Amino acid sequence: MRALYSFLFYLLVPFILCRLLWRSIKAPAYRHRWHERLAYYPKQHAQGVIWFHAVSVGEAEALFPLIRKIQILHPDARLLITTTTPTGSARVKAVLQGTVEHVYLPYDTPGAVSRFMRCFKPSIAVIVETEIWPNLFACCGRNGVPLYIINARLSEKSARGYQKIPSLVRPALGQVKLIAAQTQDDADRFIAIGAEKQQVVVAGNIKFDIDIADETVEQGLQLKRHLFKSRFVWIIASTHKDEEAIFLDIYKQAKQQIPELLLVLVPRHPERFGEVERLCKLQQLSVVTRTSGDDCHQDNDVYLADTMGELKMLYASADVAFVGGSMVPVGGHNVLEPAAVGVPVLFGPFMANFKEIAGGILRHDAAIQCQNKDDIVRAVYAIYGDAAYRAALIEKAKVFVYQNRGAKARLSEMLDQTIAQIAR
């Protein structure tokens, strides 16, 4: 079955590259570093690396606390971080800078995977969350590379898809030393698609171990004091196409009850910054972009955060946060960041990618889920008009995050045993 999969993947590579070229029209970074995706490297890289793979920004952000802990425990270790997207790549470079090696993950063809392995000779492989690549996993097995899937999650939909190709998925999972699942439901789904029970443990969700530096919070508070002044700041974070229009309409309505309201928009993808700015102007709203460096005056309606890597700081500047990707069927984004920063959290009905976290935070009455525009307006009015209610939401959310911490320590202990054995 894997031979057929490999043949089909080779046939698809030209179309995948064409898709990258198409995406590069709006995001030029997709046009660059194709040689890494095919595992051709123009220079010599470190070998014997501890290798982590995080698909994009969300997985990378979850991984950073664990990386820092491993760097402290093993200061001489050489670390490699791979990503799939340019935004994930940019975040790795910005946060970890020169302390790790970084390339894109190669496509899952036998040739590319073999070149990647020969170049880096990883001593351990750690995949974050959901990636199952049959050729990559098989190559780890042939080369004796201990393979882990950490912070592992598997949706019901993905599990049903994998169950349709057991002859491909079961051998791949057979190469995995340990699957550290986020929840028992995730663990059960991995077992259902072919993992052995002894391969799977429940370690919790590393996203709860989020690091919020005091200086990050202070920068946000300074932004609120000096740039936003006395405005009531409502941040809409990680928005996707068709989402911004919803909140621009709501803004016009809410502005009548909250005259000092300022909308801070943070699009998820940088290639959409210009599109969102044009949309604001089309709605006849006064917009200031962060990269312009212009002051934000009382008559400005929207502050457009057209930068990357500043979301935590921007959360700290806000009075209420709505986490995007949840008013359109994208699956939602991480509600734990604003909760940990200390801002009331709202989100929409589409939270499939964060189902357990969304359910947990709602059970603790620590956030508000909004099904439609009317729900959003009511929630914002309630937070604006009731300081005690706002403070209670913040406190309950912080408690929820704190009570679920610990996955970083558990995962670090699991990996440290293998790393120590390799080091000897």
Side-chain angles (χ1 to χ4, degrees), residues 52-66 69 126-132 137 147-163 169-170 172-173 176-211 238 323 325-326 329-340 345 347-367 369 396-415:
F52 292 86
H53 174 63
V55 180
S56 192
V57 174
E59 293 81 7
E61 289 286 355
L63 184 60
F64 292 148
L66 181 61
K69 188 171 181 65
V126 184
I127 311 297
V128 181
E129 293 203 0
T130 58
E131 300 278 278
I132 300 175
F137 284 25
L147 174 61
Y148 292 79
I149 304 177
I150 67 166
N151 217 45
R153 66 181 178 90
L154 191 64
S155 68
E156 293 177 8
K157 180 179 178 181
S158 295
R160 287 194 298 270
Y162 283 131
Q163 284 177 318
V169 174
R170 286 180 181 272
L173 291 177
V176 180
K177 181 180 178 70
L178 187 70
I179 299 171
Q182 293 183 13
T183 69
Q184 186 60 53
D185 286 344
D186 292 310
D188 292 342
R189 291 183 194 117
F190 273 100
I191 293 168
I193 67 171
E196 299 293 335
K197 287 185 179 180
Q198 63 269 23
Q199 281 181 284
V200 185
V201 297
V202 178
N205 191 335
I206 200 173
K207 285 185 168 71
F208 284 97
D209 292 278
I210 185 172
D211 288 334
S238 299
V323 179
S326 62
V330 169
H333 290 296
N334 190 359
V335 300
L336 300 177
E337 287 188 347
V345 180
F347 54 88
F350 299 103
M351 290 293 289
N353 293 338
F354 290 83
K355 182 179 178 181
E356 288 80 11
I357 290 176
I361 201 169
L362 290 174
R363 285 193 296 273
H364 281 72
D365 294 323
Q369 186 168 32
K396 290 177 182 178
K398 285 187 173 181
V399 169
F400 172 70
V401 174
Y402 180 79
Q403 289 179 341
N404 286 279
R405 292 170 72 90
K408 178 179 73 173
R410 289 187 284 272
L411 292 172
S412 176
E413 184 178 355
M414 292 175 192
L415 297 176

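Reckoned from all heavy atoms, side chains included, excluding hydrogens, waters and symmetry mates. Nothing here was measured: the structure is a model prediction, and the numbers come from that model.
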I'd like to know whether V55 forms a side chain to side chain contact (heavy atoms under 4.5 Å, CB included) with E129, so could you lay out the CA-CA distance, the side-chain angles of the two residues, the decisive distance to 0.1 Å, and finally the verdict. CA-CA 9 Å; V55 180; E129 293 203 0; over 6 Å; no
With rounding to the nearest 0.5 Å, note down the distance linking CE in M414 to CD1 in I150. 9.5 Å
Compare every heavy atom of D186 with every heavy atom of A181, then report the nearest pair and how far apart it is. CB-CB, 4.0 Å
V169 vs F137, side chain to side chain contact (heavy atoms under 4.5 Å, CB included): CA-CA, chis, key distance, verdict: CA-CA 10 Å; V169 174; F137 284 25; over 6 Å; no
dist R189:CZ -> S158:OG (nearest 0.5 Å) comes out at 9.5 Å
Close side-chain approach of V126 to L66, heavy-atom, < 4.5 Å: no
Can you measure from CG (D211) to CD (E61) and round to the nearest 0.5 angstrom? 10.0 Å
Please give me the minimum heavy-atom distance between I179 and A152, naming the atom from each residue. CG2-CB, 3.7 Å
Closer than 3.5 angstrom, by distance alone: can the side chain of S326 be matched with the main-chain N or O of G332 as a donor-acceptor pair? no
State the CG-OG distance between N353 and S155, to the nearest 0.5 angstrom. 7.5 Å
Please round to the nearest 0.5 Å and tell me the distance separating atom OG1 of T183 and atom CZ of R153. 11.0 Å
Side chains of V323 and V345, heavy atoms from C-beta outward: is any pair under 4.5 Å? yes
Given side chains that start at C-beta, do those of V335 and M351 come closer than 4.5 Å, heavy atoms only? yes
Applying ring pair (Phe, Tyr, Trp, His ring centres under 6.0 Å), run through F208 and F400 and close with a yes or a no. CA-CA 9 Å; F208 284 97; F400 172 70; 5.4 Å; yes
Shortest non-hydrogen contact between A180 and L411, atoms and distance: CB-CD2, 3.5 Å
Do I132 and I193 pass the side chain to side chain contact (heavy atoms under 4.5 Å, CB included) test, and can you show the C-alpha distance, the side-chain angles, and the key distance before you say yes or no? CA-CA 11 Å; I132 300 175; I193 67 171; 4.1 Å; yes
Pair up each side-chain donor or acceptor in residues 195-205 with any protein partner under 3.5 Å, not counting sequence neighbours, and list the distances.
unit_1, atom_1, unit_2, atom_2, d
Q199, OE1, E196, N, 2.7
Q199, NE2, L173, O, 2.8
Q199, NE2, V176, O, 2.7
N205, OD1, N151, ND2, 3.3
N205, OD1, K207, N, 2.9
N205, ND2, Q182, OE1, 3.0

Which atoms form the tightest heavy-atom contact between D209 and G406, and what is the distance? OD1-N, 3.1 Å
Taking every non-hydrogen atom, the tightest pair across A340 and I210: CB-CG2, 3.7 Å
L415 side, atom CG; K69 side, atom NZ - distance, nearest 0.5 Å: 11.5 Å
Does any pair with a residue in residues 357-366 pass side chain to side chain donor-acceptor pair (under 3.5 Å), and if so which ones, sequence neighbours excluded? none
Provide the closest heavy-atom pair for L63 versus A54 in the form atom of the first, atom of the second, distance. CD2-CB, 4.2 Å
Can you tell if the side chain of E59 reaches within under 4.5 Å of the side chain of H53, non-hydrogen atoms only? no
Could you give me the CA-CA distance, side-chain angles and deciding distance for F347 and I361, then say whether side chain to side chain contact (heavy atoms under 4.5 Å, CB included) is met? CA-CA 11 Å; F347 54 88; I361 201 169; 4.0 Å; yes
